[in-house]
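Below is one structure, written out as structure tokens; comments come after it.
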Amino acid sequence: MGFRQITYYLDRPDVLSVFTTKITANRDHYPVLLSNGNLVNESTSQVIWHDPTPKPCYLFALVAGKLDFLQDSFVTSAGRMVDLRLYVEPHNMHKTSFAMESLKKSFKWEEERFNLSYDLDIYMIVAVDDFNMGAMENKGLNIFNSDCVLANQETSTDASFIRIESIIGHEYFHNWTGNRVTCRDWFQLSLKEGLTVFRDQEFSSDLRSRAIQRITDVNELKTRQFAEDSGPMAHPVRPESYIAMDNFYTATVYEKGAEVIRMIHTILGEEGFQKGMTLYFDRHDGSAVTIDDFVASMADANHFNFDNFMSWYSQSGTPEVSVDDEYNSELNIYSATFTQKNQTTPFLIPNKFGLLADDGKEIETGMILIDELVKTISFENIKSKPTPSWFRGFSAPIKFDSNLSVSEKIFLSSNDS
């Protein structure tokens with residue numbers, strides 16, 4: 001019997017873990033042995049990996065097997081040459097090219113949109129047919145089920161290509177939001193998942209159609225998460241207890257968590273959100289933190305008080321909002337009163353809006369914050385009763401009774417931007 005040994009160095013140089021795999025002596029070649037970090041040394045008898053970045057134990061990975069790989073490279077904005085490798089079982093090699101292109105797009109987008117670069121010399125994806133999850137963001141060595149990576153023009157649909165591109169991006173984006181900055185405990189799971197879902201949605205929106213992506217995401221939210229929020233499985237984005245950790249992987253933690261992040265983005269705008277992200281990484285890179293730490297970074301970077309926003313993390317259920325409006329033709333004032341139903345304390349709800357004149361032109365646009373159980377907003381110098389367009393882009397994950405007539409809805413369908 002022949003032997004091949006993999007040595008993996010943890011961040012502490014005085015601690016190492018050694019894994020040994022037995023290989024029969026008459027094999028043509030030894031199997032691939034992969035782990036986190038950079039490849040320090042490789043021979044027929046030993047493979048040594050070193051990861052210079054501290055990480056929680058759930059991100060440790062070890063892969064051993066007879067795998068082929070597609071190889072490419074990416075040069076980061078800092079000039080680092082990153083070796084990109086996509087390992088698959090040999091019969092799947094002909095389905096790997098799209099995933100590799102998606103990975104390079106992910107690297108490029110992360111640098112352009114968030115100014116974040118990759119930090120190791122090699123980035124690996126392993127895709128196997130038998131993996132009991134969709135994908136896992138293990139540091140520098142993502143592990144995928146083949147279904148989430150492999151596609152070709154002969155057998156895959158457009159939806160499959162878009163899904164693969166999104167998942168490849170999602171797991172790569174975890175390098176910063178989940179790996180470099182990770183969760184203090186499992187109750188903070190949405191810290192990494194809600195934030196990274198938001199980021200992969202933005203990735204798809206920037207690469208493709210923003211409107212179509214938003215419609216797709218909202219349909220998914222209303223179909224799955226709204227049902228979860230209104231049934232016996234309802235729970236907050238940040239749950240307070242669990243029977244089994246697997247129970248945390250829900251549409252509420254992921255998709256609603258992403259919508260909560262999106263509301264922060266809506267409130268602060270792109271520039272303010274990026275200032276918050278920069279402060280978040282400056283404060284917490286290499287640390288295990290909480291949702292409160294993330295929101296505090298957003299608040300401090302923008303001098304904004306998010307105290308009454310935290311109900312989105314602590315309360316289950318989908319908020320319901322109704323509106324009553326009136327127009328004073330003598331004073332040319334249009335008023336709208338928003339009521340948060342069935343609540344004892346108000347949610348902070350961003351409402352992107354537009355007011356349309358009879359000819360379909362926009363009289364006024366903007367964003368208002370509904371931060372009281374009953375709040376009235378008034379608009380002056382409005383020459384005639386407008387048709388309102390509330391919660392544009394689905395700016396808050398709520399159920400909204402718009403009080404619009406059928407004719408007004410038809411008018412918006414024809415004219416609303």
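- Checked by atom type and distance alone, the side chain of Thr96 pairs as donor or acceptor with a backbone atom of Met93 at under 3.5 Å.
- Atom OG of residue Ser77 and atom CG of residue Asn115 lie 6.5 Å apart, to the nearest 0.5 angstrom.
- Here Glu372 pairs with nothing under the salt bridge (charged side-chain N to carboxylate O under 4.0 Å, His left out) rule; sequence neighbours left out.
- Rounding to the nearest 0.5 angstrom, the gap separating the CG atom in Leu59 from the CG atom in Asn36 is 7.5 Å.
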For residues 311-324, dump all side-chain donor-acceptor pairs below 3.5 Å to protein atoms at least two apart in sequence or in another chain.
from   : atom 1 : to     : atom 2 : distance (Å)
Trp312 : NE1    : Leu348 : O      : 2.8
Ser314 : OG     : Met310 : O      : 3.4
Thr318 : OG1    : Asp229 : OD2    : 3.4

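- Taking 4.0 Å as the cut-off between side-chain N and carboxylate O, Glu112 and Lys105 do not count as a salt-bridged pair.
- The residues Glu171 and Arg199 are annotated as not salt-bridged, no charged nitrogen and carboxylate oxygen being separated by less than 4.0 angstrom.
- If you look at Trp186 and Phe248, their ring centroids are not closer than 6.0 Å.
- Asn308 CG: more than 12 foreign heavy atoms inside a 6.0 Å radius.
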Next item on the list: Give the intermediate values and the outcome of ring-ring contact (aromatic ring centres under 6.0 Å, His included) for residues Trp390 and Phe338.
Entry: CA-CA 11 Å; Trp390 305 120; Phe338 297 90; 5.0 Å; yes
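- Between the CG atom of Leu189 and the OH atom of Tyr249 there is a distance of 5.0 Å, given to the nearest 0.5 Å.
- Among residue pairs with one or both ends in residues 206-234, none qualify as ring-ring contact (aromatic ring centres under 6.0 Å, His included); sequence neighbours excluded.
- For Gln201 (side chain) and Asp217 (main-chain N/O), no donor-acceptor pair under 3.5 Å exists by modelled atom type.
- Side-chain atoms of Asn142 and His174 include no donor-acceptor pair closer than 3.5 Å.
- Side-chain contact check for Glu111 and Ser117: at least one donor-acceptor pair (N or O, by modelled atom type) lies under 3.5 Å.
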Next item on the list: Check step by step if salt bridge (charged side-chain N to carboxylate O under 4.0 Å, His left out) holds for Asp293 and Arg283.
Entry: CA-CA 9 Å; Asp293 294 320; Arg283 284 179 172 177; over 6 Å; no
Notebook entry, point to check: Going through the checks in order, is the side chain to side chain donor-acceptor pair (under 3.5 Å) test met by Thr216 and Asn219?
Noted result: CA-CA 5 Å; Thr216 300; Asn219 279 340; over 6 Å; no
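- Taking the six-membered ring where the residue is Trp, Phe173 and Phe203 present perpendicular rings, their angle passing 60° and hence far from 30°.
- In this structure, Arg224 does not pair ionically with Glu228, as no charged nitrogen and carboxylate oxygen lie closer than 4.0 Å.
- Environment of CG in Asn41: crowded, with over 12 heavy atoms of neighbouring residues, nucleotides or ligands closer than 6.0 Å.
- The salt bridge (Lys or Arg N to Asp or Glu O under 4.0 Å) analysis of residues 401-417, with sequence neighbours excluded, yields the pairs Arg392-Asp416.
- Atom CE of Met124 sits about 10.0 Å away from atom CG of Asn138, to the nearest 0.5 Å.
- Aromatic rings from Phe309 and Phe304 are positioned such that their centres are separated by 6.0 Å or more.
- Tyr123 meets the ring pair (Phe, Tyr, Trp, His ring centres under 6.0 Å) test with Phe107, Tyr118, Tyr172; sequence neighbours excluded.
- With sequence neighbours excluded, no residue forms a salt bridge (charged side-chain N to carboxylate O under 4.0 Å, His left out) with Asp68.
- Glu259 has no carboxylate O lying under 4.0 Å from a charged side-chain N of Lys256, or vice versa, which leaves the two without a salt bridge.
- Classification of Arg184 and Asp292 as a salt-bridged pair fails, no side-chain N sitting under 4.0 Å from a carboxylate O.
- A salt bridge is defined here as a Lys NZ or Arg NE, NH1 or NH2 lying under 4.0 Å from an Asp or Glu carboxylate O, and Lys139 with Asp51 fails to meet this definition.
- Centroid-to-centroid, the aromatic rings of Phe273 and Phe198 come within less than 6.0 Å.
- Remark: side-chain polar atoms of Arg85 are not paired, donor with acceptor, to backbone N or O of Ile122 under 3.5 angstrom.
- In terms of modelled atom types and a separation under 3.5 Å, the side chain of Lys375 and the main chain of Leu369 share a donor-acceptor contact.
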Margin query: Test salt bridge (charged side-chain N to carboxylate O under 4.0 Å, His left out) on Glu255 and Lys222; report intermediate values, then the result.
Written below: CA-CA 10 Å; Glu255 278 71 33; Lys222 286 190 169 185; over 6 Å; no
